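Have a look at the structure below, then the notes.
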Amino acid sequence: MVEIQLDGQKVEVLAGSTVMHAAEKVGTYIPHFCYHKKLSIAANCRMCLVDVEKAPKPMPACATPVTQGMIIHTKNDKAIKAQKGVMEFLLINHPLDCPICDQGGECQLQDLAVGYGGSGSRYEEEKRVVFHKDVGPLISMEEMSRCIHCTRCVRFGQEVAGVMELGMSHRGEHAEIETFVGMSVDSELSGNMIDICPVGALTSKPFRYSARTWELSRRKSISPHDSTGANLVVQVKNNKVMRVLPLENEEVNECWLSDRDRFSYESLNTNERLSSPMIKQGGRWETVDWQTALEYVANGLKLIKADHGAGSIGTLASPHSTVEELYLAGALMRGLGSDNIDYRLRNAEFAAAESVRWLGTSIASLSDLQRVLVVGSNLRKDHPLFAQRIRQAARKGCAVNALVSDRELAAADAWALPLAGALLAEPADWLGSLAGIAAAVAASTGAALPSGVQATAISEVAQAIAGSLLSGERKAILLGNAAAHHAQASSLLALANWIAAQTGASVGYLTEAANTVGAQLAGAQPQATGLNAGQMLDGQLKAVFLLNNEPEFDSAAGAQAAASLSKTQMVVTLSPFKANMAFSDVLLPIAPFTETPGTFVNAEGRIQSFHAVVKPLGETRPAWKVLRVLGNMLGLPGFDFESSADVLAQVFGAPVPAQSQVPADKLGNATQTQVLMSGERAGRPAVAAIYQLDGLVRRAPALQLTADARQAAAREVQEASA
């Protein structure tokens, strides 16, 4: 530790810390622009100049390391004069149009100019003009004359997103931040550049000119998309979601958001929203009231149960639904006498899980791993914030290895991080390839291979990956969406567990959706003899509930799902959107995550509850209330809940705090002992593209204009014609 004196106060900080770090420790604010706690030091704005005794001139606090006995003044005349001088330079070319700037009210430059800016300018020449750039549908660079060249956006791309999409060209007053010639900003984390820009140079294109920051109410929520469970600040005006920003949580999403989390709110305000219950009569859709719709459903269920038995009724539930919704959907089925409920819509294998399949470690620990093996995941697109964590680990020396197909690793920079070893194989060959790694581990340790695994020729890459996992300390084997949806998923898990046991690694699933773990805890899959999602989509049912999903896009059956469901006697869709209209008989408008309270359990088993941030649109109702009322109308026991918190307490056996961890006895380890090397040859697993994951992102206009969305659409067309 080093002891220094800061504004007359003694401070102890770690050796190697900067003056800025010392100031943060004691709560002293030093004005700055280019400094950001998550980025490298640039020291190019000079706003953080402070007076260090015995130094010949003011020193930048962000780049000056502390030394024993250093005496620093951040607010004396010398420091203030230096800071005001820097502010005068920054304002020389800055346009004085704050009243029309989209950053007005939350602009760092605007705020600091109040305290450090002069009442007039000595600069009388014309201000420089920088022409706007079109860099895609998400970020607006219309006002680049406001840029102060702090390079936060450039460093973010290099260090956090892993892709240098912006850079500075030219020098002096001709310097500009721009993309490489003719290119757009396509990173799946690009929206964070908007947050860290301290002026109005980079702003949100979808939000542009729609509201002033002081007009917005700020409400906390949780992302309903991937399994990170990113914490959100949802900004609302006139009962309408206007913008989504990150809520800092170091244990989950730090201060970042993926573009999927940030811009999907646009779908909430589209014409595709379903605002009233609808029933199909004579091939035409009629709007009805809730009582009529629910009576139609209840009477239909009674008739079908009487004619065909309870086993002819089932529910396909989305893992993007809340714990409360999934539990009540299961309770409704089991109350009717059916065990047909499943959230595993994209799975090809439906083996009974021995315990909850989760990440197997904490999200925060991903940043400090020393060895990683990722199996069957397009890491960067499937889990952008997990990829960002592992990218930080790689920057600290972590050896990242992958077992993927050419689709998951189509280019050398596909993951935007260095790979120590990449074993490329078609999905049908993943089990054999993983067995090769296991054989290399066995050869090094002398352990016997697990039952069912035959010794195979060991490739150089497999040997290198095995050697990597056998070295180092903090290690993890992570199974991705494609591995989870694989026809040999259980065997892949069993083999991964064996390798982990021999190498001292943790093993777990990255998990696909916001509530994949919660769906398992809520019992949203067959517990005994019920049909799985694949069987239900084969047309084996007479009545089907579709909770918050569109089987054509959200299941492994794809287009075939529509043909199968068209033959079903009654299909009830519970959705915020006008979905599944071709084969549904009833549409019930349920609230999206912004209009209902609920709970998601993320990949690490963190229970995160949230409240509605706006009132439901039209006649929309929270799905948990719809299911509760339907249970009451059918006379089923156990449907007397007064709030969503009561439902959650029923799931976990006790009231649950808004931010807590699933008890260890409920999570356990995703163990599997048997490895089956033979059997039917596996096809390509069903994995959603980054902006096709769920109904919200599919209907977000700006996201569907991105390069990722266009490439996914082109690939679908190519595969359909093949």
Side-chain angles (χ1 to χ4, degrees), residues 1-96 98 103-124 127 146-152 155 172-173 175 195-201 248 255:
M1 300 293 285
V2 174
E3 185 179 277
I4 64 171
Q5 189 179 106
L6 184 75
D7 291 338
Q9 181 180 357
K10 288 187 177 180
V11 185
E12 281 194 348
V13 293
L14 292 171
S17 299
T18 64
V19 173
M20 185 71 80
H21 294 145
E24 287 177 341
K25 183 174 181 179
V26 296
T28 296
Y29 179 74
I30 298 176
H32 60 272
F33 293 112
C34 68
Y35 171 76
H36 190 282
K37 63 183 179 181
K38 295 290 184 180
L39 303 176
S40 63
I41 301 300
N44 53 6
C45 78
R46 317 308 282 185
M47 190 65 211
C48 64
L49 292 176
V50 295
D51 179 22
V52 179
E53 289 194 6
K54 298 183 180 179
K57 59 183 179 181
M59 304 294 288
C62 68
T64 303
V66 296
T67 58
Q68 181 65 35
M70 180 182 279
I71 300 174
I72 305 156
H73 303 282
T74 69
K75 294 180 173 61
N76 66 359
D77 290 343
K78 186 176 180 180
I80 296 295
K81 182 179 179 182
Q83 292 161 1
K84 286 187 174 181
V86 171
M87 178 59 72
E88 183 178 19
F89 280 124
L90 288 173
L91 294 177
I92 281 177
N93 274 310
H94 202 81
L96 303 178
C98 293
Q103 194 84 344
E106 54 187 5
C107 174
Q108 201 173 334
L109 180 65
Q110 188 180 58
D111 294 341
L112 291 179
V114 173
Y116 298 91
S119 58
S121 175
R122 292 180 286 178
Y123 186 81
E124 296 180 351
K127 293 180 180 289
R146 299 189 174 105
C147 178
I148 61 172
H149 307 131
C150 69
T151 69
R152 279 185 179 182
R155 285 174 286 143
E173 70 171 8
D195 292 342
I196 62 177
C197 180
V199 294
E248 186 168 351
C255 57

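If you read the sequence from its start, that first residue is 1, and numbering goes on from there. All figures in this text were calculated on a predicted structure; none of them were measured in a lab.
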For this session: Keeping the roles fixed (side chain from K10, backbone from I4), state whether a donor-acceptor pair exists under 3.5 Å.
Result: no
For this session: Any pair with a residue in residues 46-69 that passes ring pair (Phe, Tyr, Trp, His ring centres under 6.0 Å), sequence neighbours left out, goes on the list, sorted by first then second residue, please.
Result: none
Exercise. What pairs with I80 under side chain to side chain contact (heavy atoms under 4.5 Å, CB included), at least two apart in sequence or on another chain?
Worked result: Q83, K84, Y116
Problem set entry | Pairs satisfying side-chain hydrogen bond (donor to acceptor under 3.5 Å, both in side chains), at least one member in residues 34-45, at least two apart | E24-Y35, K37-E248, K38-E250, K38-E254, S40-E159, N44-T151
For this session: Report, as yes or no, whether the 6.0 Å neighbourhood of atom CZ on F89 holds more than 12 heavy atoms from other residues, nucleotides or ligands.
Result: no
Problem set entry | Close side-chain approach of H21 to V13, heavy-atom, < 4.5 Å | no
Exercise. Got a second to check how far L90's CG is from C45's SG, nearest 0.5 Å?
Worked result: 7.0 Å
Problem set entry | R152 side chain vs F33 backbone, donor-acceptor pair below 3.5 Å | yes
For this session: Compare every heavy atom of I30 with every heavy atom of A23, then report the nearest pair and how far apart it is.
Result: CB-CD1, 3.6 Å
Problem set entry | Residue list, ring pair (Phe, Tyr, Trp, His ring centres under 6.0 Å) with H94, at least two apart or on another chain | none
Exercise. With L109, which of Q103, M87, R146 fulfils side chain to side chain contact (heavy atoms under 4.5 Å, CB included)?
Worked result: M87
Problem set entry | Minimum side-chain heavy-atom gap L96-K127 below 4.5 Å | yes
Exercise. Do the side chains of L6 and T74 get nearer than 4.5 Å, heavy atoms only?
Worked result: yes
Exercise. Between Q110 and G105, which heavy-atom pair has the shortest distance, and what is it?
Worked result: OE1-N, 3.1 Å
Problem set entry | Within-4.5 Å side-chain heavy-atom neighbours: L14 and M1 | yes
Exercise. Considering only heavy atoms from C-beta outward, does the side chain of Y123 approach that of N93 to under 4.5 Å?
Worked result: yes
Show me the side-chain donor-acceptor pairs of residues 61-71 shorter than 3.5 Å, one per line, residues at least two apart or across chains.
unit_1 : atom_1 : unit_2 : atom_2 : d
T64    : OG1    : P60    : O      : 2.6
Q68    : OE1    : E3     : N      : 3.2

For this session: Heavy atoms only: give me the nearest P198-C107 pair and the separation to one decimal.
Result: O-SG, 3.6 Å
Problem set entry | Within residues 40-67 or reaching into it, pairs that qualify as salt bridge (Lys or Arg N to Asp or Glu O under 4.0 Å) - sequence neighbours excluded | D51-K78
Problem set entry | Test side-chain contact (heavy atoms from CB on, under 4.5 Å) applied to Q9 and V26, step by step | CA-CA 9 Å; Q9 181 180 357; V26 296; 4.0 Å; yes
Exercise. Roughly how far apart are I148 CD1 and M47 CE, rounded to 0.5 Å?
Worked result: 9.5 Å
Problem set entry | Heavy-atom closest pair, residues K75 and D7 | N-OD1, 3.9 Å
For this session: For the residue pair V50 and N76, establish whether any side-chain heavy-atom pair is separated by less than 4.5 Å.
Result: no
For this session: Output, in order, the C-alpha distance, side-chain angles, deciding distance and verdict of side-chain contact (heavy atoms from CB on, under 4.5 Å) for C34 and R155.
Result: CA-CA 10 Å; C34 68; R155 285 174 286 143; 3.8 Å; yes
Exercise. Sub-3.5 Å donor-acceptor pair from the side chain of H149 to the main-chain atoms of A175, do we have one?
Worked result: yes
